[in-house]
Amino acid sequence: MLALKNSSKSAFRRRLLGWYDANRRNLPWRQTRDPYKIWVSEIMLQQTRVAAVIEYYKRFLKAFPNINALARADEETVLAHWSGLGYYRRARMLRAAAQQLEAAKREMPRTAGELLELPGIGRYTAAAIASIAFREPAAVVDGNVERVLVRMAGENEADSVDFWTTAQELIDTDRPGDFNQAMMELGATVCLPKNPACGACPLKQWCGTRGEHKTAKPAARKTSTVGYVVAGHGPKIALTQRPKTARLMPGMWELPLLHRLPRHAPLFTLRHSVTTTDYVVKVWRGRPPKGSVQSNVAQASKLPLTGLTRKILRRLSLLRD
DNA sequence: GAAACGTGGCT
DNA sequence: TAGCCAAGTTT
């Protein structure tokens, strides 16, 4: 199936784009052609759900409306606006790339090949920006596209699909950005990992299977218990900064970590996962430890807090959102 | 090429 | 509940 004849390819494109025109979600980054805004959206969407991105995207663009504003901002300020979204390296690299462009007095590169040279932009993101913002016919392959193509290929051919080559052969060169987004939209809303809505699929006549899509076994998870202390009077709260050299979330701020857990019962317990570790998090009230800094809660929200610290402060009603 | 990188929502 | 998973990139 994946080697479609030309006539079948145009029917495929027509069907897919027709479906997309009628069913596309109205997302904030679909209301602009500004390449910088497309760029920000693509970085935020890496391994991150649409629903989680929307509010971050709006706030981030309000704070950093263009490349120049992002390049001039402190890294800490940029990270504060990313706080809670995860994969913080993305924010550092996005800012670094903006600074590279400003330093070279360059505008945004207009081709996938040039975009690929910027930090944080890999093969997927380069093609996404080039196709959506600059109409370059560069096909995108993300998890959604892979799943759609595997299903279309059918069981016998699934293992031998060259995703990038296949997607590139299928792409609509008149509407490359819409084609790419349509493939992803289909994977995200119809061709789901589990219980795909095959009845609603505009591509079913080209589909080789409706079987489950096998994915690689995720890395084994570990579990661990950690304790944090809430210390402060009135509007103040104690925070500590993670080492700049830490592998995980370097330089970000969090509640002071307890090295020995008290015997008495914690204020509360919650669960939190960070990459491959599942934490049981216990929180006690206590005195501010040495090395911690007293910060106004209102100020704290402007720091690059870890997502877990945000969660705890929300739980204590010390933080909104 | 595998592992690391964050988080929250859904089942 | 515990596990699964999301518009990937870097090392």
Side-chain angles (χ1 to χ4, degrees), chain A residues 20 24-25 27-30 37-57 79 82-94 96-97 115-133 138-148 163-164 167 177-189 191-196 212-223 242 246-250 252 254 270-281 304-312 314-315 321:
Chain A
Y20 180 65
R24 58 186 283 175
R25 291 169 291 177
L27 303 171
W29 45 89
R30 289 184 176 160
K37 294 180 180 175
I38 305 291
W39 179 16
V40 170
S41 76
E42 288 301 339
I43 300 297
M44 284 191 171
L45 286 163
Q46 289 170 1
Q47 295 290 286
T48 308
R49 291 175 195 286
V50 164
V53 167
I54 293 176
E55 286 309 310
Y56 278 90
Y57 173 82
L79 284 171
W82 207 274
S83 168
L85 237 203
Y87 289 139
Y88 300 101
R89 197 166 49 187
R90 296 181 296 177
R92 299 179 207 273
M93 290 189 294
L94 180 61
L115 286 161
L116 199 49
E117 294 170 17
L118 291 171
I121 297 187
R123 192 174 180 182
Y124 162 81
T125 305
I129 297 170
S131 64
I132 296 168
V140 128
V141 175
D142 74 331
N144 291 307
V145 175
E146 270 196 30
R147 188 170 57 254
V148 170
F163 300 117
W164 289 93
D178 284 343
F179 177 89
N180 281 334
Q181 293 186 82
M183 287 288 280
M184 294 190 282
E185 190 87 341
L186 187 72
T189 63
C191 194
L192 302 164
K194 289 178 183 168
N195 304 319
E212 290 304 301
H213 172 51
K214 295 187 193 96
T215 54
K217 201 181 297 178
R221 304 193 63 81
K222 292 167 287 201
T223 57
R242 296 175 63 80
R247 196 166 45 81
L248 194 64
M249 298 178 268
M252 297 193 60
E254 60 186 353
L270 53 79
R271 294 175 191 279
H272 186 78
S273 299
V274 177
T275 65
T276 58
T277 305
D278 297 323
Y279 291 98
V280 175
V281 181
L305 301 174
T306 67
L308 172 54
T309 293
R310 276 190 184 280
K311 190 191 276 190
I312 295 170
R314 276 199 304 266
R315 172 72 174 262
D321 352 313

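Remember, predicted model here, so these are calculated numbers, not experimental data. Chain letters run A, B, ... following the sequence lines, proteins first, then strands; residues in each count from 1.
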Just call it for [X]: base, sugar-phosphate, or nothing, with non-hydrogen atoms closer than 4.0 Å on any strand.
X	value
A:Ile38	nothing
A:Arg24	nothing
A:Trp29	base
A:Arg90	nothing
A:Gly187	nothing
A:Thr125	sugar-phosphate
A:Ala51	nothing

So that I can tick it off, tell me whether A:Glu185 and A:Arg25 are bridged by a salt bridge, with the cut-off set at under 4.0 angstrom between side-chain N and carboxylate O. yes

Between [N] and [M], how many Å separate the two [atom1] atoms, rounded to a whole number?
N	M	atom1	value
B:dG1	C:dT9	C1'	14 Å
B:dG6	C:dT11	P	13 Å
B:dG8	C:dT10	P	24 Å

Show me the side-chain donor-acceptor pairs of residues 117-129 of chain A shorter than 3.5 Å, one per line, residues at least two apart or across chains.
| from | atom 1 | to | atom 2 | distance (Å) |
| --- | --- | --- | --- | --- |
| A:Tyr124 | OH | A:Glu42 | OE1 | 2.7 |
| A:Thr125 | OG1 | A:Gln46 | NE2 | 3.0 |

With DNA chain C as reference, determine whether A:Val50 or A:Leu118 sits nearer its 5' end, using the nearest nucleotide of each. A:Val50

Select from A:Arg30 and A:Ile121 the residue whose nearest nucleotide in DNA chain C is closer to the 5' end of that strand. A:Arg30

Side chain of [X]: nearest nucleotide among [options]?
X	options	answer
A:Val274	B:dG6, C:dG8, B:dG9	B:dG6
A:Leu248	B:dG6, C:dC5, C:dA7	B:dG6
A:Met249	C:dT10, B:dT7, C:dG8	B:dT7

Strictly below 4.0 Å: does A:Lys311 bring a side-chain N or O up to OP1 or OP2 of B:dT7? no

NE2-CG distance between A:His272 and A:Leu308, expressed to the nearest 0.5 angstrom: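 Answer for the NE2-CG pair, A:His272 versus A:Leu308, is 4.5 Å.
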
